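Note on naming: letters A, B, ... go to the chains in the order of the sequence lines (proteins, then strands), and numbering restarts at 1 for each one. On a predicted model such as this, the values are computed, not experimentally measured, just so you know.
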2 protein chains.
Amino acid sequence: MTSEGVEPGTVRPGGRTARVRESVLRAAGDALAEHGFDGLDLADVARRAEVGKTTVYRRWSTPTGLIADLLDDMAEQSSPRTDTGSLLEDLRANAQLVVKTLTDPRQGPLFRSVIAAATCDPRTAESLHRFYAIRIKEWAGCVTAALERGELPAGTDPDEVIRAVSAPLYYRLLVTGDPLDAAAADLAAGSAAAAARAGEYVR
Amino acid sequence: MTSEGVEPGTVRPGGRTARVRESVLRAAGDALAEHGFDGLDLADVARRAEVGKTTVYRRWSTPTGLIADLLDDMAEQSSPRTDTGSLLEDLRANAQLVVKTLTDPRQGPLFRSVIAAATCDPRTAESLHRFYAIRIKEWAGCVTAALERGELPAGTDPDEVIRAVSAPLYYRLLVTGDPLDAAAADLAAGSAAAAARAGEYVR
DNA sequence: GTTTTAACGGTTCCATGGTTCCGTTAAGGT
DNA sequence: ACCTTAACGGAACCATGGAACCGTTAAAAC
């Protein structure tokens with residue numbers, strides 16, 4: 001007799017199961033990018049992934065559950081950061097990367113969708129927070145480097161500086177609708193650097 | 001013969017029609033605060049508003065359509081800003097108001113929901129942008145006052161300073177999940193003021 | 001007050017998203 | 001190579017969200 005409470009896909013995660021997960025998550029990303037969060041239909045995802053819709057419902061049950069898993073998957077693919085030797089240049093590179101991502105015809109709608117999903121479900125929110133915690137940590141390195149070069153007041157919180165770069169860009173994306181262009185990126189990087197130099201992120 | 005393309009509620013907007021709109025919008029706000037964007041059920045809204053569900057479907061048709069109208073309604077109720085005579089104090093008051101709103105047990109979930117809805121529908125996004133454009137304009141006054149007092153470099157964009165206060169707070173709410181407390185408010189106000197003094201928002 | 005008809009609202013109806021059933025396939029262990 | 005059973009997938013089924021229908025109420029115009 002098998003214990004009851006095991007999630008499907010946990011006992012035999014290899015081979016077919018892994019292939020199914022991969023193609024379903026890719027299909028989910030495509031569907032989100034095309035139709036947005038509220039247009040996400042699990043049957044449609046199953047069709048795109050060439051997988052039985054029963055499978056999708058069984059393993060992920062809800063749209064937000066699927067998106068949470070998608071986020072966990074996205075969190076594993078890390079993207080490397082730049083290291084120019086100047087804080088402002090590094091922050092600009094970061095800001096430009098964020099802008100490029102958020103204005104990308106696939107990634108932009110996708111990110112909007114996963115954020116929308118996270119506002120609707122705690123488990124998805126958790127996954128989103130983990131995802132960004134990782135991304136932020138990856139870029140915090142350029143702030144610690146600047147600290148070591150003496151460009152910033154001692155005690156400055158590296159994560160907070162990186163977050164300060166992203167914040168105005170996501171604010172534009174989600175709240176005000178102001179354009180996400182090169183000027184916005186430079187403004188975000190510049191003001192984060194200025195506040196950091198002023199010692200606002202100490203402690 | 002009446003022309004066909006007129007929206008219901010536009011020809012006889014008084015009396016009953018207005019009462020219906022009012023109670024439906026209030027009910028929609030309640031429902032959003034309780035069940036979130038994806039849990040919004042128009043039939044449930046109709047029940048709460050003590051209105052026929054046919055009416056809700058006819059006048060608003062979709063959840064996002066209803067939310068767009070709710071936002072247009074919210075945009076009309078303006079809240080007054082403070083004027084302490086110091087930029088930093090005014091920005092702090094603004095940041096604290098935002099934090100208070102976003103952590104409020106009703107308003108917080110409501111704002112999350114309308115923002116989620118705006119990511120799903122262009123018309124709703126437009127209403128959201130209008131709403132925030134108004135709110136930002138209301139508070140920009142304290143920056144122009146600071147400019148006149150010579151606290152900031154000439155040419156500083158007042159709206160941009162106000163947006164810089166809100167951005168990190170909404171970023172926490174929607175993206176990172178970091179706490180929205182008094183410390184977050186002071187940090188947001190402080191770094192916006194620092195960047196503004198450094199001339200980052202000139203032009 | 002009377003008339004016209006916009007707007008409301010109860011009921012019925014239907015399409016569609018999601019569940020259940022059960023047979024098939026293949027992962028993991030020996 | 002073989003066995004057990006986790007996981008998949010097609011088909012039939014069902015509940016539920018949203019549309020259509022039509023009689024009722026009351027806003028606006030006179």
Side-chain angles (χ1 to χ4, degrees), chain A residues 1-28 31-32 34-69 73 113 117 120-121, chain B residues 1-28 31-32 34-69 117 120-121:
Chain A
M1 182 205 178
T2 350
S3 90
E4 295 160 6
V6 284
E7 293 294 305
T10 52
V11 180
R12 289 177 185 175
R16 181 171 57 167
T17 300
R19 270 193 313 278
V20 165
R21 176 169 185 248
E22 195 180 0
S23 67
V24 167
L25 292 186
R26 198 182 27 65
L32 281 178
E34 278 179 44
H35 305 305
F37 168 57
D38 66 339
L40 186 64
D41 173 16
L42 296 200
D44 173 54
V45 171
R47 223 171 299 126
R48 287 166 185 259
E50 293 176 304
V51 146
K53 79 168 178 171
T54 313
T55 301
V56 176
Y57 282 111
R58 185 170 32 231
R59 277 186 67 184
W60 291 279
S61 38
T62 71
T64 53
L66 176 55
I67 294 171
D69 197 27
D73 186 62
S113 298
C120 296
D121 175 65
Chain B
M1 183 202 178
T2 350
S3 91
E4 294 160 8
V6 285
E7 293 295 306
T10 52
V11 180
R12 289 180 186 175
R16 180 170 59 169
T17 300
R19 268 193 314 277
V20 165
R21 176 168 185 249
E22 196 180 359
S23 67
V24 167
L25 292 185
R26 198 180 27 65
L32 281 177
E34 277 178 44
H35 305 305
F37 168 56
D38 67 338
L40 186 64
D41 173 18
L42 296 200
D44 173 54
V45 171
R47 222 171 300 126
R48 287 167 185 260
E50 294 178 300
V51 146
K53 79 169 177 171
T54 313
T55 301
V56 176
Y57 283 112
R58 185 173 31 232
R59 278 187 65 181
W60 292 280
S61 33
T62 72
T64 52
L66 177 55
I67 295 170
D69 197 27
C120 296
D121 175 66

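Looking at which nucleotide of DNA chain D each of Thr17(B) and Ala43(B) is closest to, the 5′-most match is held by Ala43(B). Each of Leu40(A) and Arg58(A) was assigned the nucleotide of DNA chain C with the nearest heavy atom; the assignment lying further toward the 5' end belongs to Leu40(A).
Using a 4.0 Å heavy-atom distance criterion, Ser61(B) is classed as making no nucleic acid contact. At the heavy-atom level, Thr54(A) lies under 4.0 Å from base atoms of the strands shown.
OP1 and OP2 of dA19(D) both lie 4.0 Å or more from every side-chain N or O belonging to Tyr57(B). Between Arg59(A) and dC8(D), a side-chain N or O to OP1/OP2 separation shorter than 4.0 Å is present. Between dA27(C) and Arg19(A), a contact under 4.0 Å exists linking OP1 or OP2 to a side-chain N or O. Between dC8(D) and Arg21(A), no contact under 4.0 Å exists linking OP1 or OP2 to a side-chain N or O.
Computed from coordinates, the Arg47(A) CZ to dT16(C) C1' distance equals 11 Å when rounded to whole Å. When the C1' atom of dG9(C) is taken as reference, atom CG of Leu42(B) falls 15 Å away, rounded to whole Å. Between Glu50(A) atom CD and dG10(D) atom P the separation is 11 Å, expressed in whole Å. A straight line from CZ of Arg12(A) to P of dA27(C) spans 9 Å, rounded to a whole angstrom.
Each of dG9(D), dG18(D), dG18(C) was ranked by its minimum atom distance to the side chain of Asp41(B); first place goes to dG18(D). Comparing dA7(D), dA12(D), dG9(D) by their closest approach to the side chain of Lys53(A) singles out dA12(D). Distance from the side chain of Arg16(A) is smallest to dA7(D) among dA27(D), dG9(D), dA7(D). Closest approach to the Pro8(B) side chain among dA7(C), dA7(D), dT20(C) is made by dA7(C) (side chain taken as heavy atoms from C-beta onward). Taking every side-chain heavy atom of Thr55(A) into account, dG9(D) is the closest of dA7(D), dA27(D), dG9(D).
For the atom pair CG of Leu42(A) and CZ of Arg47(A), the computed distance is 11.0 Å after rounding to the nearest 0.5 Å. One distance of note links CG of Leu66(B) with CZ of Arg21(B); it measures 10.0 Å at 0.5 Å rounding. Atoms OG1 and CD1, from Thr62(B) and Ile67(B) in turn, are 8.0 Å apart once rounded to the nearest 0.5 Å. Summarising the geometry, atom CD belonging to Glu50(A) is positioned 8.0 Å from atom OG belonging to Ser23(A); distances are rounded to the nearest 0.5 Å. For the atom pair OG1 (Thr64(A)) and CZ (Phe37(A)), the distance works out to 6.5 Å, reported to the nearest 0.5 Å.
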